[in-house]
S.K.: 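Got a structure here, written out as structure tokens. Questions coming.
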There are 2 protein chains.
Amino acid sequence: MKKKRTTIYDIAEKLNITASSVSRALNNSNYVNENTKKLILKTAAELNYKRNTIASNLRSGQSKTIGIVVPRINQNFFANVIAGIEDATYEKNYNLIICQSNEQEEKEVKCVNTLINQQVDCIVISVSADSHDHTHLKNVIEHGIQLIQFDRVVDELETLKVINDNEQASLEAVSHLIEQGYKRIALLEGPQNLDIFKQRKAGYLKALKKHKIAVVHDLIIENAWTKELGAEGTRKLLSMPNPPDAIFASTSDFSALGVLEVATAMGFKVPSELGICGYSNEAFTEITSPSITTIDQFSIYMGKTIANLYFQEMENKETEVIPKIISIKPKLIIRSSTSRKG
Amino acid sequence: MKKKRTTIYDIAEKLNITASSVSRALNNSNYVNENTKKLILKTAAELNYKRNTIASNLRSGQSKTIGIVVPRINQNFFANVIAGIEDATYEKNYNLIICQSNEQEEKEVKCVNTLINQQVDCIVISVSADSHDHTHLKNVIEHGIQLIQFDRVVDELETLKVINDNEQASLEAVSHLIEQGYKRIALLEGPQNLDIFKQRKAGYLKALKKHKIAVVHDLIIENAWTKELGAEGTRKLLSMPNPPDAIFASTSDFSALGVLEVATAMGFKVPSELGICGYSNEAFTEITSPSITTIDQFSIYMGKTIANLYFQEMENKETEVIPKIISIKPKLIIRSSTSRKG
DNA sequence: AATATTTCTGCAATCGATTGCAGAATAAAA
DNA sequence: TTTTATTCTGCAATCGATTGCAGAAATATT
């Protein structure tokens, strides 16, 4: 069932000219007679010619393709970032090759290698949770491919980065809790090998310090990433003789949802007896009852920023590539789950 | 900053052999001496060689790439389907090029053409809402590219299709409402140029007929796709002198959410005075109060099915391609918003 | 009319990997 | 030892588009 496709040679043959001229016409070069050019374009359309990008890329040495590696394609935040990138790259006729690492380092390495093989011009990556070794990322740079890290970045690698100011956001969130009169604020933290979670913890600590509140280590629950783990941590916290009066689920809104469900089940009134703050501004946070205070990361905007950063960098490619970090300030969205004043 | 990459010629030169042998070794052919093969692989690793897939594809005439076109990457359903496809294709070392049509026919055409240019082996598409002309899809077939439609399919095109049995699902949903004692059931319908919405409407009508309930045209609201439109439709419905006692938001859960919010605001008790059923099983339907009855489409599974359908078709490629339709039966998820009995 | 300039076209190499074919080197069989 | 079979290796063409260079054709300048 293989139909042979029309090539520039077919067009050339039909018009009794060379492929060179056809190529020039199709690329709108000036070095072809206006009439022949028109004739070529007309014939190309008639024969339903489609340029073979593969061949073109091989010759020209660039692919106009950006590779993206994310832990999960179908996670809201990442899907939005990808949508943002797609939006911005589409206009410039770039293609996107998308891979998911499933949070596994091994798969991440394979994805990156595939993208290198594909000769992509740029790789955009948010590293997986269990990523520890970074030779595959260094490899990207060694192959002359632009590397842009976002959200979950490897600090020590000097690449372009687009991140959220996690520390600042956490600081604001916890400060807000304190202003609302909460005094024993618990933290549900994520895996500390990921910088984003370290930063969120740092913001939490900073806020406490700023307001001269002592850090109680029993109020910090490790690895409470999912809804289930958030729920489990909450059960533990609320069973303490001296339970917290607020919980900052710094890992995700899913975790915060777990908190809310357990708190409600255990008879804690939200927000009067327990304040809850999540992270990410998932759609559902608006419609729980009470609605959940959270932090918006401007994910689509982040995607656009990544794409534009790449294009900008391309334009100034004559200059040395200077590691550049763009930090997007997330926004605290205050909702019912933390509003017990005013 | 262009570093020249290692090619098979570099390896060949270093070892004083030809590129042919290097190529054979890298492809694990039997026609190379075992020792030279080992030596070649070792050298390739040392030189950090990465195969140029572009060149390889050009020669071999296939790209091991599947192109996907969806209206929106960051819509839950589509993100899940893509994740499912990714999961199944990854093992077979296929790549995914993803495009979004933003529900615009014009962009859809451009995306499809790009994918043809890229010489993808297969195009997986869910057509955009305003897609009317289908020459670009016929074009795919004419170029010898496997075309698989899913969810929103163009019926008259004889291609592989993976769909949900929308009619059956709607039939079950509305039957469930009737069994719960609801008698005046309204329908929020989607754009009727998309078959999926036609089918859902057909299921609604079938259920009414089956239970000998007369169709009231005023209870059918056109084009209530989004949360806002769903809310608007609901306001209209509930202001009627003889309002419905149930609303089937056949377009989406977002629409159903709009229904719920308006109903609550207008003082209608759900489910006792008004039953609500959505479509898609979005994560949030579980956590609204009351939780929303909806229909699960098994989106990730759908993605895997699509990928496997392709691979299966590849294996039997010697036989003529027979249009094949796989219909996945969605599942009604009964929750509080429609449970007023038992 | 002779020369210089501009515009166009073709030739042939190139991008990097793959593969059919032919022949060399080695091993096995007679 | 000769013949046959097997295993390896290299040559050269191929995939389709692009592009530097050279020369032809057309136009402009003196």
S.K.: Mind listing the residues from residues 17-26 of chain B sitting with a heavy atom below 4.0 Å of DNA chain D? Number order is fine.
M.R.: B/I17, B/T18, B/S20, B/S21, B/R24
S.K.: Atom CD1 of B/I8 to atom C1' of D/dT9: distance rounded to whole Å?
M.R.: 14 Å
S.K.: Please determine if A/E142 and A/K138 form a salt bridge, counting it only when a charged side-chain N lies under 4.0 Å from a carboxylate O.
M.R.: no
S.K.: Please classify the nucleic acid contact of A/T53 as base, sugar-phosphate, or nothing, using heavy-atom distances under 4.0 Å.
M.R.: nothing
S.K.: For B/F311, check ring pair (Phe, Tyr, Trp, His ring centres under 6.0 Å) against everything at least two apart and list the hits.
M.R.: B/Y94
S.K.: Using a heavy-atom cut-off of 4.0 Å across all strands, would you classify A/N27 as base, sugar-phosphate, or nothing?
M.R.: sugar-phosphate
S.K.: Indicate whether OP1 or OP2 belonging to C/dT18 is found under 4.0 Å from a side-chain N or O atom of B/R51.
M.R.: yes
S.K.: When rounded to the nearest 0.5 angstrom, what is the spacing between CD1 in B/I11 and CG in B/L41?
M.R.: 9.0 Å
S.K.: Begin with the C-alpha distance, continue with both residues' side-chain angles, and end with the deciding distance and a verdict on side chain to side chain donor-acceptor pair (under 3.5 Å) for B/D133 and B/T135.
M.R.: CA-CA 6 Å; B/D133 180 50; B/T135 46; 2.8 Å; yes
S.K.: To the nearest Å, how far apart are B/N35 CG and C/dT26 P?
M.R.: 13 Å
S.K.: C/dT9 C1' sits how many Å from A/L39 CG, rounded?
M.R.: 15 Å
S.K.: Whole angstroms only, please: what is the CG-P distance between A/N57 and D/dT19?
M.R.: 12 Å
S.K.: Let me confirm one number: the CD1-CD distance from B/I97 to A/Q118, rounded to the nearest 0.5 Å.
M.R.: 7.0 Å
S.K.: So, taking the atom named CE in B/M314 and the one named SG in B/C122, what distance separates them when rounded to the nearest 0.5 Å?
M.R.: 7.5 Å
S.K.: Using a heavy-atom cut-off of under 4.0 Å over every strand shown, decide if B/N30 touches base, sugar-phosphate, or nothing.
M.R.: sugar-phosphate
S.K.: To the nearest Å, how far apart are B/I11 CD1 and C/dG16 P?
M.R.: 13 Å
S.K.: Just to confirm, is there a sub-4.0 Å distance from OP1 or OP2 of D/dA17 to any side-chain nitrogen or oxygen of A/Y49?
M.R.: yes
